[in-house]
Amino acid sequence: MRLGSGTFAAGCVVIEVLGVALFLRGFFPAPVFSGAERQAESPAPEPSAGASSNWTELPPPLFSKVVILLIDALRDDFVFGSKGVKFMPYTTYLVEKGSSLSFVAEAKPPTVTMPRIKALLTGSLPGFIDVVRNLNSPTLMEDNVITRAKAAGKRIIFYGDETWVKLFPKHFVEYDGTTSFFVSDYTEVDNNVTRHLDKVLKRQDWDMLILHYLGLDHIGHISGPSSPLVGHKLSEMDSILMKIHTALLAEERDPLLPSLLVLCGDHGMSEAGGHGASSMEEVNTALVLVSSAFERKPGDVRHPTRVQQTDLAATLSIGLGLPIPKSNTGGLMFPVVEGRPMREQLRFLHLNTVQLSKLLQENVPSYNKGPRPAPAQCPAGAEQQG
């Protein structure tokens, strides 16, 4: 049986429409939201063992103050490679011998700024539609660390890339945004952030300080990662990190509640100087957590370990004593709490597990929690053996 030309054309149109729909569904997936956001938040359930505990209560914060130093396009080898050793001596000292934890944080594509900020603070994976939104970022409605911190009464100050001001228009008690689209400027765009530091580091009226430096990214776009300008910019960033760290140490009064300095990148930098795709140079970013809580013993060698960029949201939430964002897909970076008592470690992991379990239950219809395994049977006579 021969098909008429009209029928054949109609079939082609149907196939094309289905193909486009399938492409859009995969390339621009709907964001994962927790249905619990529309309901009153319930505490994490008690573990099955134990007569009574405080596990249903949110744990107290681990850090008194948090400073996030985000250097745009800070790929991992700029800190942990030869460039870091040469141009960032203070940071290298902290990584190799100081009170710090080092990670290579993997950023998922698209490796552009706005989706990466969302990933860092929500713990979820933004879609490629955010590449378009990156040009004019809308207010972030998804549950995130900044909104949680503000709701808890944390006073947040921000200086740097104005993308943050667009995402969080009413969250900062003080801010000064800089534009990211004058790519030829890699000096004043950072000076406009640094000029606030001397005064703000002496003040006691904030709990979170966020700094987003754009100069390194701009140098990459102009002349690539091998440019001598990269070394000069890394040296500048190293001196800024040293200034912040020494100021935080000087202000610490309670050794049980130290401050936390987070050095991170939003994405990496390709060998051509750009970003947005999925090459190793674009997805591997440096992440260094600095705090006296991470003091190491002599001979304690800590090599950078691999984590997902989304793991920072859960880790910051635990560190600030906040609920983990409901759409978070990341895991607590365990080295951060490894020095805490065992019961606290289990509590933190329990909170993360419950949050992830709720997310699965609400977004994966086929997900069912398996039956609780029966208690292990003790072999006869084992109780006498201790």
Side-chain angles (χ1 to χ4, degrees), residues 68-96 100-121 125-126 130-131 134 160-161 163 180 183 186 189-190 193 210-241 261-290 302-312 330 333:
I68 299 176
L69 174 57
L70 194 157
I71 302 175
D72 211 289
L74 186 69
R75 73 186 201 188
D76 61 327
D77 61 324
F78 286 174
V79 176
F80 307 130
S82 58
K83 281 188 171 68
V85 173
K86 183 177 181 180
F87 299 112
M88 304 187 78
Y90 189 78
T91 305
T92 299
Y93 167 78
L94 291 175
V95 167
E96 294 182 350
S100 68
L101 299 170
S102 303
F103 306 92
V104 175
E106 182 182 348
K108 300 295 186 185
T111 49
V112 292
T113 295
M114 192 272 280
R116 306 287 24 103
I117 294 175
K118 289 177 64 175
L120 286 165
L121 298 174
L125 297 174
D130 289 308
V131 175
N134 187 64
D161 185 354
T163 301
S180 60
V183 179
Y186 52 83
V189 72
D190 286 348
V193 178
I210 304 171
L211 310 166
H212 188 149
Y213 283 90
L214 289 164
L216 180 64
D217 178 70
H218 289 188
I219 290 172
H221 286 296
I222 295 170
S223 52
S226 300
S227 168
L229 295 173
V230 168
H232 293 301
K233 182 57 67 174
L234 292 177
S235 296
E236 178 188 342
M237 296 295 102
D238 189 59
S239 64
I240 289 168
L241 183 137
L261 171 58
V262 179
L263 170 66
C264 63
D266 52 348
H267 51 74
M269 181 188 298
S270 71
E271 289 303 318
H275 54 88
S278 58
S279 69
M280 294 293 288
E281 294 80 10
E282 291 168 277
V283 302
N284 287 341
T285 67
L287 174 59
V288 183
L289 308 183
V290 185
R302 300 174 182 173
H303 299 289
T305 55
R306 295 192 66 87
V307 296
Q308 295 298 312
Q309 197 177 57
T310 50
D311 295 340
L312 186 63
M333 291 186 280

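Start at 1 with the first residue, then count along the sequence.
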Evaluation steps, side chain to side chain contact (heavy atoms under 4.5 Å, CB included), between I222 and S227: CA-CA 9 Å; I222 295 170; S227 168; over 6 Å; no
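By the ring-ring contact (aromatic ring centres under 6.0 Å, His included) test, H232 is found to be paired with no residue, residues two or more places apart in sequence or in another chain being considered. For H218, there are no ring-ring contact (aromatic ring centres under 6.0 Å, His included) partners, not counting sequence neighbours. Applying the side-chain hydrogen bond (donor to acceptor under 3.5 Å, both in side chains) test to T305 and every residue at least two apart in sequence or in another chain returns nothing. Take D266 and apply the side chain to side chain contact (heavy atoms under 4.5 Å, CB included) test, not counting sequence neighbours, and it matches L70, D72, T113, R116, H212. A search for side-chain hydrogen bond (donor to acceptor under 3.5 Å, both in side chains) contacts involving T91 returns D238, not counting sequence neighbours. Every residue two or more places apart in sequence or in another chain was checked for a ring-ring contact (aromatic ring centres under 6.0 Å, His included) with F87, and none qualifies. Residues passing the side-chain hydrogen bond (donor to acceptor under 3.5 Å, both in side chains) test with E236, sequence neighbours excluded: K233. Y186 pairs by the side-chain hydrogen bond (donor to acceptor under 3.5 Å, both in side chains) definition with nothing, not counting sequence neighbours. In this view, S239 satisfies the side chain to side chain contact (heavy atoms under 4.5 Å, CB included) rule with no residue, not counting sequence neighbours.
Side-chain atoms of P225 and E271, non-hydrogen and from C-beta on, do get closer than 4.5 Å to each other. No side-chain heavy atom of V290 sits under 4.5 Å from any side-chain heavy atom of L263. Side-chain contact between L94 and V288: absent, with no pair of heavy atoms (C-beta onward) separated by less than 4.5 Å. In this structure the side chain of H275 never reaches within 4.5 angstrom of the side chain of E281, judged on heavy atoms. Put simply, the side chain of L289 reaches to within 4.5 Å of the side chain of F103, judged on heavy atoms. Between M269 and L216 the shortest side-chain heavy-atom distance falls below 4.5 Å. With a 4.5 Å cut-off on side-chain heavy atoms, V193 and D161 do not count as touching.
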Could you give the side-chain donor-acceptor pairs of residues 77-86 under 3.5 Å, partners two or more places apart or in another chain?
{"residue": "D77", "atom": "OD1", "partner": "R75", "partner atom": "NE", "Å": "2.7"}
{"residue": "D77", "atom": "OD2", "partner": "R75", "partner atom": "NE", "Å": "3.3"}
{"residue": "D77", "atom": "OD2", "partner": "R75", "partner atom": "NH2", "Å": "3.2"}

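Residue pairs satisfying the salt bridge (Lys or Arg N to Asp or Glu O under 4.0 Å) criterion with at least one member in residues 210-226, sequence neighbours excluded, are absent.
Within the model, atoms CG of L241 and CD1 of I71 stand 7.5 Å from one another, a figure rounded to the nearest 0.5 Å. For the atom pair CG (D190) and CG (L211), the distance works out to 10.5 Å, reported to the nearest 0.5 Å.
Pairing each heavy atom of P304 with each of V104, the nearest pair is CB-CG2, 4.2 Å. The shortest non-hydrogen separation linking C264 to L287 is CB-CD1, 3.8 Å. When every heavy atom of T285 is checked against every heavy atom of A107, the shortest pair comes out as CG2-CB, 4.5 Å. Contact detail for D311 and G330: the closest heavy-atom pair is OD1-CA, 3.3 Å. Nearest heavy-atom pair across V112 and P115 is O-CD, 3.3 Å.
Across Q309, E106, R306, a single residue satisfies side chain to side chain donor-acceptor pair (under 3.5 Å) together with N284, and that is R306.
For the pair E282 (side chain) and S270 (backbone), a donor-acceptor distance under 3.5 Å is absent. Although no hydrogens or angles enter the test, the distance criterion places a donor-acceptor pair under 3.5 Å between the side chain of T111 and the main chain of A277.
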